[in-house]
2 protein chains.
Amino acid sequence: MKKPVQNRSKATRSRLISVATELIKKNGYEALRVEDVVTGAGVAKGTFFSHFKDKDALMELCIGTRIDAILDQVETKLKPKDVTDLVDGLLPLLNFMTCERYVFDVILRYSGAAAVEEIGAIAMTFDRQGKVLADWLADGPFRNDVSSQLLADGVQAFLIQAMALKFCALHNSQSTVEILVPYLEAWLNPKTVV
Amino acid sequence: MKKPVQNRSKATRSRLISVATELIKKNGYEALRVEDVVTGAGVAKGTFFSHFKDKDALMELCIGTRIDAILDQVETKLKPKDVTDLVDGLLPLLNFMTCERYVFDVILRYSGAAAVEEIGAIAMTFDRQGKVLADWLADGPFRNDVSSQLLADGVQAFLIQAMALKFCALHNSQSTVEILVPYLEAWLNPKTVV
DNA sequence: GATAAAAAGTGACCGCGGTCAATACCTAAT
DNA sequence: ATTAGGTATTGACCGCGGTCACTTTTTATC
């Protein structure tokens, strides 16, 4: 006898999410405590973990939602006419992803390397980002010897590289954009054939 | 009145490290518990944390040491004559870095994105890896429109991308090498000029 | 050797994520 | 209205990383 999900369950879940969102807005992602979320939502600790596999699952949801919202904006932009333009279009994404070291770590952990069992919220946004990029790069003023999907994947790899360097002791004087542009120039507009 | 580091301190530290190494050899990295290390070394918990900032610091040391040893071997290899050859040379490194999901996570966290205060052991190995790569790629059968250092950085970015995909739900059917080769081909041997 | 100051080590304690057997609550069938 | 069988929630409890006021040991100085 299989019974459907009860309304109170949905209510509890959405209360947990909205309390979490509120707390994050106030104190940032890293400072979020499960205990504060459950107290705020007026439920016991165990309830939290019957709604989310672990704290990371909630984190993924919150961060994923946020990235999705940013992608909504980014997506409306016109195809970039050069590398600087491209980076410009991605800036909102970059800024959010590097807003906290902790956020970047979570994103890294769940970007490509999502749990093997199922595709998480963050991995989804990377997929979506890949599609937006592939669309931007197709039939544009960039190299065309490889598929636009491969080009897009490469851009993502360099994005991550550049963001990582932002948090690095050696390179944190340069901005992410400064680091990124030469990479992408070399990737998207190679100047020699071997 | 400043006094030098005592011998027993050094002895304790090296005992902690060797016990940890032993435990890792037996049970893997993820399973390592600080409590087991201190019990094995015959010291109190607090002692551990007066030798290492946190558990990650020990982890970094162990993983860093391991990578360094692998780099010793890798370094002796001849300059690669093509992409396949290059990937082949890097294989020992790839294999270790993806031996455990946990290991890959730690490496990611401390690779470029080392603590801002000081450069950790893993970040050092990435630096070294970058130099080896730059040496391999200089004056080789690869593109020469950009510096070999930039080429090397790019290879590292693609390495991470490919390793991340290995743990990904969507791509884990392909081997890391299979994923990597087309990327590097496109990066190191672009076939068109725009 | 006695003394003082610094280094090294101790272990009870805390914070916080996560578990699980027990309980409360719903809803469909009678 | 009662009951049965599932869903949802509870909160005491655990594991494990990390802290800190305190004790023990070493070493320099007289």
Side-chain angles (χ1 to χ4, degrees), chain A residues 1-20 23-24 27-63 100 102-103 105-106 109-110 115 117 120, chain B residues 1-20 23-24 26-63 100-103 105-106 109-110 115 117 120:
Chain A
M1 199 204 280
K2 190 85 162 289
K3 297 188 180 175
V5 179
Q6 296 171 16
N7 285 333
R8 65 172 168 157
S9 174
K10 288 185 214 159
T12 304
R13 187 187 154 91
S14 77
R15 220 161 59 244
L16 284 169
I17 294 173
S18 73
V19 169
L23 285 174
I24 288 169
N27 312 316
Y29 288 86
E30 175 144 37
L32 191 74
R33 297 285 165 268
V34 172
E35 266 198 54
D36 296 342
V37 176
V38 295
T39 325
V43 295
K45 214 172 185 183
T47 302
F48 180 95
F49 292 98
S50 70
H51 282 275
F52 302 98
K53 185 179 152 289
D54 51 25
K55 189 188 163 185
D56 271 13
L58 173 65
M59 223 62 252
E60 240 210 297
L61 190 75
C62 292
I63 293 176
E100 275 181 50
Y102 171 75
V103 169
D105 281 347
V106 173
R109 211 168 32 250
Y110 292 100
E117 310 90 57
Chain B
M1 200 200 282
K2 190 82 160 294
K3 298 187 182 177
V5 180
Q6 295 172 17
N7 284 333
R8 67 169 168 158
S9 174
K10 289 183 212 158
T12 304
R13 188 187 153 91
S14 76
R15 222 160 58 243
L16 285 168
I17 294 173
S18 72
V19 168
L23 286 173
I24 288 169
K26 208 186 301 168
N27 311 316
Y29 288 87
E30 174 144 38
L32 191 73
R33 297 285 167 267
V34 171
E35 265 198 55
D36 297 341
V37 176
V38 295
T39 324
V43 294
K45 213 171 185 183
T47 302
F48 180 95
F49 291 97
S50 69
H51 283 275
F52 302 98
K53 186 178 151 291
D54 51 25
K55 189 188 163 186
D56 271 13
L58 173 64
M59 224 61 254
E60 240 209 298
L61 190 75
C62 293
I63 293 176
E100 275 180 50
R101 172 74 199 270
Y102 171 76
V103 169
D105 281 348
V106 173
R109 213 170 27 252
Y110 292 101
E117 309 92 56

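Sequence lines set the chain letters: A, B, ... in the order given, protein chains first and strands last, and positions in each chain run from 1.
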Checklist outcome for this item: Sequence neighbours excluded, the answer for side-chain hydrogen bond (donor to acceptor under 3.5 Å, both in side chains) partners of Glu30(B) is none

Checklist entry - Can you give one letter per nucleotide of nucleotides 10-22 of chain D, going 5' to 3': B for a protein heavy atom under 4.0 Å from the base, S for sugar-phosphate only, - for none? => result BB----SBBBB--

Checklist entry - How many Å lie between CG on Asn7(B) and P on dA7(C), as a whole number? => result 15 Å

Checklist entry - Between Thr12(B) and dG9(C), does any side-chain N or O lie under 4.0 Å from OP1 or OP2? => result yes

Checklist entry - Of all heavy-atom pairs between Ala44(B) and Val38(B), which one has the smallest distance, and what is that distance? => result O-CG1, 3.8 Å

Item to check | Nearest-Å distance for atom pair CZ/P, residues Arg8(B) and dA8(C) | outcome: 7 Å

Checklist entry - So, the side chain of Glu100(A) versus the backbone of Tyr29(A): is there a donor-acceptor pair under 3.5 Å, distance only? => result yes

Checklist entry - Just by distance, do the side chain of Lys45(A) and the backbone of Val34(A) share a donor-acceptor pair under 3.5 Å? => result no

Next on the checklist: Which heavy atom of Ala41(B) sits nearest to which heavy atom of Leu16(B), and what is that distance?
Outcome noted: CB-CD2, 3.8 Å

Item to check | Nearest-Å distance for atom pair CD/P, residues Gln6(B) and dA8(C) | outcome: 5 Å

Item to check | Five-pair end axes of the helix from dG1(C)-dC30(D) to dC25(C)-dG6(D) and the angle they enclose, rounded to 10° | outcome: 10°

Checklist entry - Taking only residues two or more places apart in sequence, or in another chain, which ones meet Asp56(A) in a salt bridge (Lys or Arg N to Asp or Glu O under 4.0 Å)? => result Arg109(A)

Checklist entry - Listed by chain and number, what are the salt bridge (Lys or Arg N to Asp or Glu O under 4.0 Å) partners of Asp54(B), not counting sequence neighbours? => result none

Checklist entry - Does His51(B) make a side-chain N or O approach to OP1 or OP2 of dA8(C) shorter than 4.0 Å? => result no

Checklist entry - Does Ser9(B) make a side-chain N or O approach to OP1 or OP2 of dA8(C) shorter than 4.0 Å? => result yes

Checklist outcome for this item: note: Lys10(B), atom NZ; dG9(C), atom P; distance rounded to Å ~ 13 Å

Checklist outcome for this item: Taken in chain and number order and not counting sequence neighbours, the residues that satisfy ring-ring contact (aromatic ring centres under 6.0 Å, His included) with Phe52(B) are Phe48(B)

